[in-house]
Amino acid sequence: MSQNKMIQRYKASERFNHWFVAICFILAALSGIGFFHPGFFWLTNLFGGSTWARILHPFFGVIMFLFFIVWVARVWKYNHVTAADWQWVKHLGDILRSRTNNLPEIGKYNLGQKYLTRTLLVAIILLLASGILIWQPWFASVFPIELRRMAVLIHAFSAFVALMCFIVHVYAAYWTRGSIRAMTQGTVTVAWAKHHCMAWYKEMVSKN
C-alpha cells in the first residue's frame, strides 16, 4: 500500500462532535475567565456585557458537557490502557527527539491521549457539578453557603485543569504533523498511521 494513500481516521459525525465541543469550551472559557479576575472583565463584552455573559456561561458549559460525554462514549473503546502503552511511554524521550525506530505498536491513541481524555472527563464532570451548586438564580439558593464557597474553588481549579489540557491538546496536534488534517478532513496517510499507531493501522487494514 502506498505510504501517501489516505485512510479514514474520523467520520464526519465524529469531527462535528469534536469541533462542537471545542467551540463550546472556548465560549465557556472566555465567558468564565471574564469573571475570574477584574483584568479579564473586558471579555464579557464579547457576549454583550456582563449580564449576558453570566447568563450564557452555564448554558455553554452544560452543552459542552453533553457533547463531550457523547465524544467519550464514541472513543472509549480505544482508550483502554494496554501493556504496549506502558512500553511506549518508556520511549518518550526518544519520541520527543523524533527517534521513533523500534517503538511498541500502539492503538488509535497513545497513553498521553488516553490520560488526557480521562483528566478532561473528571474536570468537566466537576465543572458541571460545582457549576450547578453556584448557578444563580436556579439552583444556588438551595445549597448552604459553605458548600457554595467550596464549589467556587472546585469550579475554578477544574476550569484551570481543563484549560491546561486544552492547551496541551492543541499544541500536541500542531506539533504532530498530519494530526490536524485528521480532524478537519477525517483522513491520515498510511505513513502517518504506521508511524504513530501501528496497531490501529493493522486493525484498519484487516477490516478492509
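All figures in this text were calculated on a predicted structure; none of them were measured in a lab.
Residues Leu66 and Val70 have side chains not in contact (no heavy-atom distance under 4.5 Å, counting atoms from C-beta outward). Two residues are said to be in side-chain contact when any heavy atoms from C-beta on lie closer than 4.5 Å; Phe59 and Trp135 meet this criterion. Using a 4.5 Å heavy-atom cutoff, the side chains of Thr189 and Arg181 are in contact. Thr176 is listed as a side-chain neighbour of Trp192, based on a closest heavy-atom distance under 4.5 Å.
Val62 and Leu56 fall within a single hydrophobic cluster, where Ile, Leu, Val, Met, Phe, Trp and Tyr side chains are chained together by heavy-atom contacts under 4.5 Å. In the hydrophobic clustering of this structure, Tyr115 does not group with Val168; members are Ile, Leu, Val, Met, Phe, Trp, Tyr whose side-chain heavy atoms approach within less than 4.5 Å, directly or through other members. Placement of Met64 and Phe160 within a single hydrophobic cluster is found when ILVMFWY residues are connected by side-chain heavy-atom separations under 4.5 Å, directly or transitively. Cluster annotation: Phe35 and Ile154 are assigned to distinct hydrophobic clusters (Ile/Leu/Val/Met/Phe/Trp/Tyr, side-chain heavy-atom contacts under 4.5 Å, transitive). Criterion: ILVMFWY side-chain heavy atoms under 4.5 Å apart, direct or through other members. Under it, Met183 and Trp76 are part of a common hydrophobic cluster.
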Side-chain donor-acceptor distances from residues 21-31 under 3.5 Å, at least two apart:
| from | atom 1 | to | atom 2 | distance (Å) |
| --- | --- | --- | --- | --- |
| Ser31 | OG | Leu27 | O | 2.8 |
| Ser31 | OG | Ala28 | O | 3.1 |
| Ser31 | OG | His57 | ND1 | 2.9 |

Please report, to 0.1 Å, the donor-acceptor pairs under 3.5 Å made by any side chain of residues 39-55, with sequence neighbours excluded.
| from | atom 1 | to | atom 2 | distance (Å) |
| --- | --- | --- | --- | --- |
| Trp42 | NE1 | Gly39 | O | 3.3 |
| Thr44 | OG1 | Phe41 | O | 2.7 |
| Asn45 | ND2 | Trp42 | O | 3.2 |

Enumerate donor-acceptor pairs with a distance under 3.5 Å from any side-chain N or O in residues 142-153 to protein atoms, sequence neighbours excluded.
| from | atom 1 | to | atom 2 | distance (Å) |
| --- | --- | --- | --- | --- |
| Arg148 | NH1 | Ala140 | O | 3.4 |
| Arg148 | NH1 | Phe143 | O | 3.2 |

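Proximity of a side-chain donor or acceptor of Asn110 to a complementary backbone N or O of Trp88 within less than 3.5 Å is not detected. Using modelled atom types, no side-chain atom of His155 and backbone atom of Ser130 make a donor-acceptor pair closer than 3.5 Å. For Thr117 (side chain) and Gln113 (main-chain N/O), a donor-acceptor pair under 3.5 Å exists by modelled atom type.
Test Leu128, Ile124, Val122 against Leu126 for side-chain contact (heavy atoms from CB on, under 4.5 Å) and you get one pass: Val122.
Considering all non-hydrogen atoms of both residues, Arg15 and Ala182 come closest at CD-O, 3.8 Å. When all heavy atoms of Glu14 and Lys11 are compared, the closest pair comes out as OE1-N, 2.7 Å. In plain terms, the two heavy atoms of Pro104 and Ala84 that are nearest each other are CB-O, 3.8 Å. Closest of all the heavy-atom pairs between Cys197 and Gly107 is CB-O, 2.8 Å. Listed here is the closest heavy atom pair of Lys114 and Val81: NZ-CA, 4.2 Å. Of all the heavy atoms in Cys165 and Thr119, the pair that sits closest is SG-CG2, 3.6 Å.
One distance of note links OG1 of Thr187 with CD of Gln8; it measures 8.5 Å at 0.5 Å rounding. For the atom pair Lys90 NZ and Gln87 CD, the distance stands at 4.0 Å (nearest 0.5 Å). Once rounded to the nearest 0.5 Å, the distance linking CZ of Phe139 with CG of Leu133 reads 10.5 Å. Taken from CD1 in Ile106 to OH in Tyr78, the straight-line distance is 14.0 Å, to the nearest 0.5 Å. Rounding to the nearest 0.5 angstrom, the gap separating the CG atom in Leu120 from the CZ atom in Phe166 is 10.0 Å. Distance CG/Leu116 to CG/Leu111: 11.0 Å, rounded to 0.5 Å.
More than 12 heavy-atom neighbours from other residues, nucleotides or ligands sit within 6.0 angstrom of NE2 on His80.
For Lys202, the salt bridge (Lys or Arg N to Asp or Glu O under 4.0 Å) partners are Glu105, not counting sequence neighbours. Under the side-chain hydrogen bond (donor to acceptor under 3.5 Å, both in side chains) criterion, Ser141 pairs with no residue at all, not counting sequence neighbours. For Lys108, the salt bridge (Lys or Arg N to Asp or Glu O under 4.0 Å) criterion is met by no residue, not counting sequence neighbours.
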Q: Please test Leu127 against Phe65 for side chain to side chain contact (heavy atoms under 4.5 Å, CB included), starting from the C-alpha separation and ending with a verdict.
A: CA-CA 9 Å; Leu127 281 170; Phe65 170 82; over 6 Å; no
Q: Decide yes or no on side chain to side chain contact (heavy atoms under 4.5 Å, CB included) for Phe68 and Asn17, but give the supporting numbers first.
A: CA-CA 8 Å; Phe68 184 72; Asn17 196 161; over 6 Å; no
Q: Carefully, step by step, assess Arg9 and Trp200 under the rule side chain to side chain contact (heavy atoms under 4.5 Å, CB included).
A: CA-CA 10 Å; Arg9 186 162 172 86; Trp200 173 74; 3.6 Å; yes
Q: I would like to know whether His196 and Ser179 meet side chain to side chain contact (heavy atoms under 4.5 Å, CB included); could you show each step before the answer?
A: CA-CA 10 Å; His196 295 289; Ser179 296; 5.7 Å; no
